[in-house]
Amino acid sequence: MVNSFFILIIYHLRKIDGCAIIIIIKKDVMYAKVIIDQDAKALDRVFEYIVPDDLDIVTGMRVYVPFGSRILQGFVVDLCDKCEYDPSKLKKIISKIDDFPAIKQEMLSLMQYMAKKNHLKLASILRLFIPAEMREGKVKELFETHYLFNAEIEINIAKNAKKQQEIIDYLKNHNNHASSSELNQFGYGAIKALTDKCILIKEKREVRRAPFVISETAKKVKLNVDQQKAVEKITEDKTYLLHGVTGSGKTEVYMHLIERALTQGKNAIMLVPEISLTPQIMSNFKSRFGDAVALLHSGLSAGERFDEWKRLFSGEARIAIGARSAIFAPLENLGMIIIDEEHEQSYISESNPRFDTHDVAQFRARYNKCPLVFGSATPSIESYEKALQGLYSLVELPVRANGKELPKIQIIDMMAEIRTGNSGIFSNQLLADLTNVVNNKKQAMIFINRRGYSSFQRCRDCGYIAKCVDCDVSLVYHREDNRLKCHYCGKQYKVLTRCPKCGSENIKNGAVGTEQVVSKLKEYFPGVKILRMDNDTTSTKNAHQKILNEFKNSLPAILVGTQMIAKGHDFENVVLVGIVDADQSLYHADYRSTERTFQLITQVSGRAGRSEAEGKVVLQTYSPRHYVYKFASNYDYKGFFRKEENIRQTSQFPPFTRIIRILFSDHDENYVRELLKVCYTEIEGLKERYNNDIIYLDAMKSPIKRIQDKYRYQIMMRLKLDNADKIEEEVFNIVDKNSKTSVFFEINPQNLS
């Protein structure tokens, strides 16, 4: 095949006067444009290399290239017969890393889009498209030796060779083939003897390391009228917002949409916000679609992640399911992209490289000309606003699929509880309802979005609070480990018994966490299965699945958890949900705090009463008259949206404006501070041209001033939408020109800390 290297084509025409005439046609040298796989600003561009004539290189391949005195990995992003630099100074590609182009053409186009949209380095983006262990050379295909019984050869073995005969009998009973691990029981000598006689044929077969999934029997579900209308409406290549109350059967709609895409010969991506949701989703999808489903998320082993990625890459699997990273699944010819619980902030990457999964999904949907579905019971304010403007097509599922009412939410005033002498974690009402659940052998879920035993340790006498030495945050007390832990860098410290500042032994613990809730519940309900689900209990492989399985199969049982339990889960015996501290997310210094509170309450409330038994929710708060609880207790999303929309429009916050956060981070505080001053001074100069468009501009320390011993400073801007793109581009150019340290751009950041 004529490819990207020069070829000498030689024709032997005829002999003239005994001499052979040879015509030599020399093709042009081919050049490869390569992005070096290094996350350094100075290397964030394309480098040119000569393609050797003995290498069959195609666009998208990973290669080894000489770079100075080193040999580095790179990605071939283009091939051409002309170069921009002096050809005599170019070096040759050394070798290929893989025999196939790991980066497909669609992903190269996506790379260019993300680099411009999110102001990211090219190599950082390309790394998102392949498993990290594959890049680092720590994982590859796993092969196992297999033996085939050669039925065409005459069997000639000694009568006393009993093990050899046992092998032959075993193979005949197992479709004439078996793996080496199966035959090892008969001994190496017998296997070798049969192989030497060609009675056994030895071959290598690739072994797939598949994630553990409990696949239940597929249930045939007939869609109700609303579900059927939704499926029929979602057909065109545009963006849809599927707004369905909790329990309305959105998952069944998703499966019908994906099934339709498969019958059209196309593929699909389905995203969920939490790893904890993937076991249940995978179980449903595996039972419906079998091996066509592949799973992608950070909880898999390196081998599992590589094999699942490869199954998608090769087309062996046609449906990718997973958390945020699954949006980069190497599938071609997409016919459906679905993002469930689209409002979740986990779809925004808050570490390098920073991106919004919604943006990536919209690019891939446009590229493949396929429908994109955002689904939620509580859509983000931004998404619902776009639906009302006609930018998204709104599809609604207004009632539960089983026809049952949503569970009643009872609001408990915890200040009133204190006045009556109850200063404990649980209100009298919640304890009474939990007692009924236990007596009736049912299940309850208790939600508190704070892990650990208590949020801090403080000296009552001098006010000292234990903080991490590398991060500007208080340490969380974990009673089970008897340690103080930093939830940002992971460092651990001894528990305070005496104040290191004043020597006092009068130490107070802070706000309640999941660990303390479980401890108290065990005191109230000894002998009852009480499980905890948070980052601490789900750090090991398949921990999510084990906890959820144990809860599902236990009666009575209580599951205590953070937001991991708040969404997506469907347990028919859960009749009660307790929200211990509803105010926790309400008073954050963030314009999204009321929205997040409404979403969490609605989502976790939806876990109750999903089967025949009636559900109930007990919501504990110290601010019972706050408007968010009024709307949440009535499941009035549209009323809440109108209220929130009015507040945002009046105060000029997204979606009616755009927030830009530029975060500077470095170990050297003086350098970060000086860089901030230089950039801020230049950005401030934009006011002369864009004065009316810049609503707010300021430079400051980040709310969390230090993480992992890096000092953090930031510039905050709020812009009117008309010229936001132009201003954003100019701001990026100013920062890019001046900075040599880690700088992160965030558009409408999800977390302002």
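Note that the structure is predicted; figures quoted are calculated from it, not measured. We use all heavy atoms of the structure for the numbers below, so side chains are in, but hydrogens, waters and symmetry mates are not.
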A.B. asks: With H343 as reference, evaluate R592, E382, E595, Q603 under the side-chain contact (heavy atoms from CB on, under 4.5 Å) test and give the passing residue.
C.D. replies: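 That would be Q603.
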A.B. asks: Got T378 and F640 here, is their nearest side-chain heavy-atom distance under 4.5 Å?
C.D. replies: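 Not touching, per the 4.5 Å side-chain cut-off.
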A.B. asks: Step by step, would you call I601 with Q599 a side chain to side chain contact (heavy atoms under 4.5 Å, CB included)?
C.D. replies: CA-CA 6 Å; I601 292 170; Q599 289 166 342; over 6 Å; no
A.B. asks: For V574 versus R607, what's the shortest heavy-atom pair and its separation?
C.D. replies: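 Closest heavy-atom pair between V574 and R607: CG1-O, 3.6 Å.
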A.B. asks: Is it true that F664 and Y713 have ring centroids separated by less than 6.0 Å?
C.D. replies: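 Judged by ring-centre distance (under 6.0 Å), F664 and Y713 do not meet the cut-off.
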A.B. asks: Looking at Y488, is R706 sitting on its ring face, NZ or CZ under 6.0 Å from the six-membered ring centre and within 45 degrees of the normal?
C.D. replies: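 Judged by the rule (NZ or CZ under 6.0 Å from the ring centre, within 45° of its axis), R706 is not positioned above Y488.
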A.B. asks: Report the residues that fulfil side-chain contact (heavy atoms from CB on, under 4.5 Å) with A230, sequence neighbours left out, ordered by chain and then residue number.
C.D. replies: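 With neighbours one apart ignored, the set is L242, V253, V395, L397.
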A.B. asks: Determine, stepwise, if the pair R288 / I258 fulfils side chain to side chain contact (heavy atoms under 4.5 Å, CB included).
C.D. replies: CA-CA 11 Å; R288 184 77 63 91; I258 289 173; over 6 Å; no
A.B. asks: For a quick test of reading the model, state the closest non-hydrogen atom pair linking Y347 to T357 and the distance between them.
C.D. replies: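 Residues Y347 and T357, closest heavy atoms: O-OG1, 2.6 Å.
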A.B. asks: Looking at D590 and R596, is there a salt bridge between them, counting it only when a charged N and a carboxylate O are closer than 4.0 Å?
C.D. replies: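 Salt bridge present between R596 and D590.
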A.B. asks: For I659, is there any backbone N or O sitting under 3.5 Å from a side-chain donor or acceptor partner on N748?
C.D. replies: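 Yes, N748 side chain to I659 backbone: donor-acceptor pair under 3.5 Å.
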A.B. asks: Check this for me: does any side-chain nitrogen of one of R532 and D534 sit under 4.0 Å from a carboxylate oxygen of the other?
C.D. replies: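 Yes.
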A.B. asks: Does the side chain of Q389 pick up a donor-acceptor pair with the side chain of E385 at under 3.5 Å?
C.D. replies: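 Indeed, the side chains of Q389 and E385 share at least one donor-acceptor pair under 3.5 Å.
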A.B. asks: Please work out whether the ring planes of Y384 and Y637 are parallel, tilted or perpendicular, with thresholds of 30° and 60°.
C.D. replies: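 Correct class here is perpendicular.
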A.B. asks: Can you find a side-chain donor-acceptor pair between N368 and E106 that sits under 3.5 Å?
C.D. replies: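 A donor-acceptor contact under 3.5 Å links the two side chains.
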A.B. asks: Do the side-chain N and O atoms of Y627 and E644 include a donor-acceptor pair separated by under 3.5 angstrom?
C.D. replies: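 Side chains of Y627 and E644: pair found under 3.5 Å.
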A.B. asks: Taking the ring centre of each residue, are Y240 and F374 less than 6.0 Å apart?
C.D. replies: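 No, ring centres 6.0 Å or more apart.
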A.B. asks: Does a side-chain N-to-carboxylate-O contact under 4.0 Å join D736 and K41?
C.D. replies: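 Judged by the 4.0 Å cut-off on N to carboxylate O distance, D736 and K41 do form a salt bridge.
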A.B. asks: Rounded at 0.5 Å granularity, tell me how far CZ in R661 sits from CE in M716.
C.D. replies: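 It comes to 6.5 Å.
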A.B. asks: Measuring from atom CZ of R127 to atom CD of E136, what distance do you get when rounded to the nearest 0.5 angstrom?
C.D. replies: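 Result: 8.5 Å between the selected atoms.
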A.B. asks: Is it true that D472 and R712 make a salt bridge, defined as a side-chain N closer than 4.0 Å to a carboxylate O?
C.D. replies: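 A salt bridge is absent here (no side-chain N lies under 4.0 Å from a carboxylate O).
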A.B. asks: What is the minimum heavy-atom distance between A361 and I337, and which atoms define it?
C.D. replies: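 The pair with the smallest heavy-atom distance is O-CD1, 3.8 Å.
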A.B. asks: For F631 together with F641, are the ring centres under 6.0 Å from each other?
C.D. replies: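 So the answer is no for these two rings.
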A.B. asks: Less than 4.5 Å apart, side chain to side chain, heavy atoms only: is that true for V231 and L223?
C.D. replies: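 Result yes, sub-4.5 Å side-chain heavy-atom pair found.
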A.B. asks: Quick check: do L586 and V628 have side-chain heavy atoms less than 4.5 Å from each other?
C.D. replies: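 Yes, at least one pair of side-chain atoms sits under 4.5 Å.
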A.B. asks: Before we go on, tell me: are the rings of F745 and F732 under 6.0 Å apart, centre to centre?
C.D. replies: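 Yes: the rings meet the under 6.0 Å criterion.
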A.B. asks: Measure the CD-CD1 distance between Q750 and I747 for me, rounded to the nearest 0.5 Å.
C.D. replies: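 One finds 12.5 Å between CD of Q750 and CD1 of I747.
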A.B. asks: What pair of heavy atoms forms the shortest contact from L271 to R324, and how long is it?
C.D. replies: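 Scanning both residues, the minimum pair turns out to be CD1-O, 4.5 Å.
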A.B. asks: Any heavy-atom pair between the side chains of K546 and T537 that's under 4.5 Å?
C.D. replies: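 No, too far: nothing below the 4.5 Å cut-off.
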A.B. asks: Taking all heavy atoms of R648 and all of P654, pick out the closest pair and write down the distance.
C.D. replies: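 What the structure gives for the nearest pair is NH1-O, 2.9 Å.
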A.B. asks: Calculate, to the nearest 0.5 Å, the distance between atoms CD1 and CD1 belonging to I103 and I125 respectively.
C.D. replies: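 Rounded to the nearest 0.5 Å, the CD1-CD1 separation comes to 11.5 Å.
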A.B. asks: Examine distances only and state if a side-chain atom of R354 and a backbone atom of E746 form a donor-acceptor pair shorter than 3.5 Å.
C.D. replies: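 No, the answer is negative, given that no donor and acceptor are paired below the 3.5 Å cut-off.
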A.B. asks: Show me, pair by pair, the donor-acceptor contacts under 3.5 angstrom made by side chains of residues 295-302, not counting sequence neighbours?
C.D. replies:
residue : atom : partner : partner atom : Å
H297    : ND1  : G299    : N            : 2.8
S301    : OG   : E304    : N            : 3.1
S301    : OG   : E304    : OE1          : 3.4

A.B. asks: Side chains of T597 and S585: do they bring a donor and an acceptor to under 3.5 Å?
C.D. replies: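 Yes, side-chain donor-acceptor contact under 3.5 Å.
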A.B. asks: Pick one: which of K552, K250, R610 meets salt bridge (Lys or Arg N to Asp or Glu O under 4.0 Å) with D570?
C.D. replies: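 Testing D570 for a salt bridge (Lys or Arg N to Asp or Glu O under 4.0 Å) against K552, K250, R610 leaves exactly one candidate, R610.
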A.B. asks: What closest approach, in Å, do Y392 and S383 show between heavy atoms, and which atom pair accounts for it?
C.D. replies: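 Looking at all heavy atoms of both residues, the shortest contact is CD1-O, 3.6 Å.
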A.B. asks: Salt bridge or not for E308 and R311, using N-O below 4.0 Å?
C.D. replies: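 The answer is yes: the pair qualifies as a salt bridge.
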A.B. asks: Determine, stepwise, if the pair E396 / K638 fulfils salt bridge (Lys or Arg N to Asp or Glu O under 4.0 Å).
C.D. replies: CA-CA 12 Å; E396 295 183 296; K638 292 180 180 179; 3.1 Å; yes
A.B. asks: Show me the donor-acceptor pairs, under 3.5 Å and distance only, between side chains in residues 114-122 and residues at least two apart or in other chains.
C.D. replies:
residue : atom : partner : partner atom : Å
H119    : NE2  : E728    : OE2          : 3.1

A.B. asks: Is the closest side-chain heavy-atom distance between L548 and Q280 below 4.5 Å?
C.D. replies: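 Counting from C-beta outward, L548 and Q280 never come under 4.5 Å.
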A.B. asks: If you measure from CG on L334 to CD1 on I269, what distance do you get to the nearest 0.5 Å?
C.D. replies: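 Separation between the atoms: 4.5 Å.
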A.B. asks: Could you tell me the separation between the CZ atom of F363 and the CG atom of L372, rounded to the nearest 0.5 Å?
C.D. replies: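 One gets 13.5 Å once the value is rounded to the nearest 0.5 Å.
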A.B. asks: Is the gap between the ring centers of F328 and F355 under 6.0 Å?
C.D. replies: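 Yes, the ring of F328 comes within the 6.0 Å limit of the ring of F355, centre to centre.
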A.B. asks: For the residue pair Y629 and H626, categorise the inter-ring angle as parallel (less than 30°), tilted (30 to 60°) or perpendicular (more than 60°).
C.D. replies: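 Perpendicular: the ring planes of Y629 and H626 meet at over 60°.
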A.B. asks: Is E332 paired with K266 through a side-chain N to carboxylate O contact shorter than 4.0 Å?
C.D. replies: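 Salt bridge absent between K266 and E332.
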A.B. asks: List the steps, then state whether side chain to side chain contact (heavy atoms under 4.5 Å, CB included) holds for V272 with E341.
C.D. replies: CA-CA 7 Å; V272 293; E341 311 291 3; over 6 Å; no
A.B. asks: Should D725 and R658 be marked as a salt bridge (Lys or Arg N to Asp or Glu O under 4.0 Å) after you check the CA-CA gap, both sets of side-chain angles, and the distance that decides it?
C.D. replies: CA-CA 10 Å; D725 288 341; R658 181 183 302 177; 2.9 Å; yes
A.B. asks: Between L126 and D37, does a side chain to side chain contact (heavy atoms under 4.5 Å, CB included) hold up when you go through it step by step?
C.D. replies: CA-CA 8 Å; L126 288 168; D37 189 7; over 6 Å; no
A.B. asks: Taking R450 for its side chain and T514 for its backbone only, find out whether a donor-acceptor pair lies under 3.5 Å.
C.D. replies: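 A pair under 3.5 Å: no.
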A.B. asks: Would you find a donor on one side and an acceptor on the other, under 3.5 Å apart, between the side chain of D356 and the backbone of H358?
C.D. replies: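 Side chain of D356 to backbone of H358: a pair is present.
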